[in-house]
Q: 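Sharing a structure here in structure tokens format.
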There are 2 protein chains.
Amino acid sequence: MNIGQAARASGVSAKMIRYYESVGLIAAPGRTQANYRVYDAADVHALRFVRRARSLGFSLAETQTLLGLWRDRARASADVKAVATQHVRDLEAKIAELQAMARTLKHLAEHCHGDGRPDCPILDDLSGDGCCATAKG
Amino acid sequence: MNIGQAARASGVSAKMIRYYESVGLIAAPGRTQANYRVYDAADVHALRFVRRARSLGFSLAETQTLLGLWRDRARASADVKAVATQHVRDLEAKIAELQAMARTLKHLAEHCHGDGRPDCPILDDLSGDGCCATAKG
DNA sequence: ATGGGCCTTCCCGCCATGGCAAGGTCAAGG
DNA sequence: CCTTGACCTTGCCATGGCGGGAAGGCCCAT
């Protein structure tokens, strides 16, 4: 199986497969005499694992850890759970951060006329003038 | 006012001030004979504006737009509001994406024993095996 | 033998920022 | 005057995950 077929079978682009190999996330596969990479079903399975982990927002480093645990039949599920719950905490921290931005901005936008006049509480807030309707915090 | 003083006064690092100048976000300031950048209070005000916009998650491009509107006394507040509400939509889309990840992961983690046994629904999900049955690898 | 589709490596771009290095400048103190 | 140390200058490298593209090799069908 060439890299293109593995890419189509796994949903990971050929470019990314090479990249994952280069950073040590997946092992270097065998090569043909013409130096083409050769993949098998297990490789495709691992690539799909990576794709799914990435789609859940795990970094490549975390994905590498998970891949290691996946391959380790003697793993403790607690180790997997620790990675997952830490990532949930990271996600929730990021969500809270974005929500704070959105909340502030929505509040400011609500108080903006949104017409042809130049007066704008959004710009007032950004400029730090603290003029009329600044909603900080 | 040298760049270091402007950095301390604005909360934007000297490195970033130079970067913002290089990408055209802020205008190139005057220089001393020794080629040192010279800033005044208005520059610091603009830098604080940028810092606040960045802290609300606006990209540099959006920040540039907002800076232009800020400086344009004939602006229509509708233009500002449009940038802000679009950004709110972007933020909310990102939030929804992260929440979907967190939801899935929390669900999986809840069903993981988290003990010394190797069986783990998180890995099962990532490996695409399906839900609970296959513990073979 | 030629065309096209695949493969290879290598480099550049994104975004926003930090870090480091080599050199110039300035003010204070010995 | 000279040193010291804090500051400034430019420039390059790195991050994280990709995408794009160039230049060249390989394979298969016509």
Side-chain angles (χ1 to χ4, degrees), chain A residues 1-26 28-40 43-44 46-67 87 90-91 94 97-98 101, chain B residues 1-26 28-40 43-44 46-67 87 90-91 94 97-98 101:
Chain A
M1 195 181 217
N2 283 341
I3 198 171
Q5 279 140 3
R8 280 186 291 275
S10 65
V12 179
S13 74
K15 191 95 182 182
M16 276 306 99
I17 295 176
R18 292 192 198 97
Y19 173 68
Y20 291 160
E21 178 188 332
S22 80
V23 298
L25 183 63
I26 58 174
R31 301 273 186 147
T32 67
Q33 284 191 329
N35 204 31
Y36 284 20
R37 289 172 178 82
V38 180
Y39 299 91
D40 62 18
D43 295 323
V44 170
L47 285 169
R48 273 203 286 253
F49 182 101
V50 170
R51 192 169 84 102
R52 176 80 178 133
R54 297 285 303 124
S55 80
L56 287 175
F58 287 105
S59 69
L60 289 195
E62 289 164 333
T63 300
Q64 193 157 19
T65 302
L66 291 170
L67 261 177
H87 183 48
D90 294 347
L91 285 170
K94 188 72 186 170
E97 188 187 334
L98 297 182
M101 294 176 184
Chain B
M1 196 182 220
N2 283 342
I3 197 170
Q5 279 139 4
R8 281 186 290 275
S10 66
V12 178
S13 73
K15 188 92 182 186
M16 277 303 100
I17 295 176
R18 292 193 197 96
Y19 174 69
Y20 291 160
E21 177 188 332
S22 80
V23 299
L25 183 65
I26 59 173
R31 301 271 186 147
T32 66
Q33 284 191 328
N35 205 30
Y36 284 19
R37 289 172 179 82
V38 180
Y39 299 91
D40 61 18
D43 295 323
V44 170
L47 285 168
R48 275 204 286 252
F49 182 101
V50 170
R51 191 168 86 101
R52 175 80 178 136
R54 298 283 306 121
S55 80
L56 288 175
F58 287 106
S59 69
L60 288 194
E62 289 165 332
T63 301
Q64 193 158 21
T65 301
L66 291 170
L67 261 176
H87 183 49
D90 294 346
L91 285 170
K94 189 70 188 170
E97 191 186 333
L98 297 182
M101 294 175 183

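So you know, we letter chains A, B, ... as the sequences are listed, proteins then strands, and number each from 1. Bear in mind the structure is a predicted one, so any value in this text is a computation, not a measurement.
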Q: So, does Asp40(A) use its side chain to make a donor-acceptor pair with the main chain of Asp43(A) at under 3.5 Å?
A: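 Yes, the answer is positive, given that a donor and an acceptor are paired below the 3.5 Å cut-off.
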Q: Taking atom types as they are modelled, is there a donor-acceptor pair under 3.5 Å from the base of dG17(D) to the side chain of Tyr20(A)?
A: no
Q: Given dT17(C), dT9(D), dC18(D), which nucleotide is nearest the side-chain atoms of Met16(B)?
A: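 The answer is dT17(C), which lies nearest to the side chain.
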Q: So with a 6.0 Å cut-off around CZ of Arg54(A), is the heavy-atom count from everything else above 12?
A: yes
Q: Of the candidate nucleotides dA16(C), dT8(C), dG20(D), which contains the atom at the shortest distance from the side chain of Lys15(A)?
A: dG20(D)
Q: Could you tell me how far apart Leu47(B) (CG) and dT17(C) (P) are, to the nearest whole angstrom?
A: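 One finds 12 Å between P of dT17(C) and CG of Leu47(B), rounded.
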Q: Donor-acceptor pair, His87(A) side chain versus Glu62(A) backbone, under 3.5 Å?
A: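 No, because the side chain of His87(A) does not come within donor-acceptor range (under 3.5 Å) of the backbone of Glu62(A).
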Q: OP1, OP2 of dT25(C) versus side-chain N and O of Arg31(B): anything below 4.0 Å?
A: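 No, Arg31(B) has no side-chain N/O under 4.0 Å of OP1/OP2 on dT25(C).
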Q: Okay, side chain of Arg37(A), backbone of Ala28(A): is any donor-acceptor separation there less than 3.5 Å?
A: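 Absent.
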Q: What is the distance, to the nearest angstrom, from the CD atom on Gln64(B) to the P atom on dC15(C)?
A: 12 Å
Q: Take the protein atom CG of Leu60(A) and the nucleotide atom P of dT15(D), then report the distance between them rounded to whole Å.
A: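 Roughly 12 Å, once rounded to whole Å.
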Q: Report the distance from atom CZ of Phe58(B) to atom P of dA16(C), rounded to the nearest whole Å.
A: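 After rounding, the gap between these two atoms is 13 Å.
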Q: Just N and O in the side chain of Arg37(A): are any of them under 4.0 Å from OP1 or OP2 of dT9(C)?
A: yes
Q: Please answer whether the main-chain N or O of Gly24(B) pairs with a side-chain N or O of Gln64(B) as donor and acceptor at a distance below 3.5 Å.
A: yes
Q: Does OP1 or OP2 of dC18(D) have a side-chain N or O of Ser13(A) closer than 4.0 Å?
A: no
Q: Figure out the CD1/P separation between Ile17(A) and dC6(C), and round it to whole Å.
A: 14 Å
Q: For Ser59(B) and for Tyr36(A), locate the closest nucleotide of DNA chain C by heavy-atom distance; then report the residue assigned to the nucleotide nearer the 5' terminus.
A: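 Comparing both residues, the 5'-ward one is Tyr36(A).
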Q: So, does the side chain of Tyr19(A) form a donor-acceptor pair with the base of dG19(D) at under 3.5 Å?
A: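 Such a pair does not exist between side chain and base.
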Q: Measure from CD on Gln5(A) to P on dC28(D) and round the result to the nearest Å.
A: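 Distance, rounded to whole Å: 12 Å.
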Q: How many whole angstroms separate atom CZ of Arg18(B) from atom P of dT17(C)?
A: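 Roughly 15 Å, once rounded to whole Å.
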Q: Counting any heavy atom closer than 4.0 Å, what does Thr32(B) reach on the DNA or RNA strands: base, sugar-phosphate only, or nothing?
A: nothing
Q: Nearest whole Å is fine: how far is dT17(C) P from Glu21(B) CD?
A: 16 Å
Q: Nearest to the side chain of Arg54(A), heavy atoms from C-beta on, is which of dT17(C), dT8(C), dG17(D)?
A: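 Of the candidates, dG17(D) comes closest.
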Q: From dC26(C), dC7(C), dC8(D), pick the nucleotide closest to the side chain of Ile3(A)?
A: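 When the side chain of Ile3(A) is considered, dC7(C) is the closest of dC26(C), dC7(C), dC8(D).
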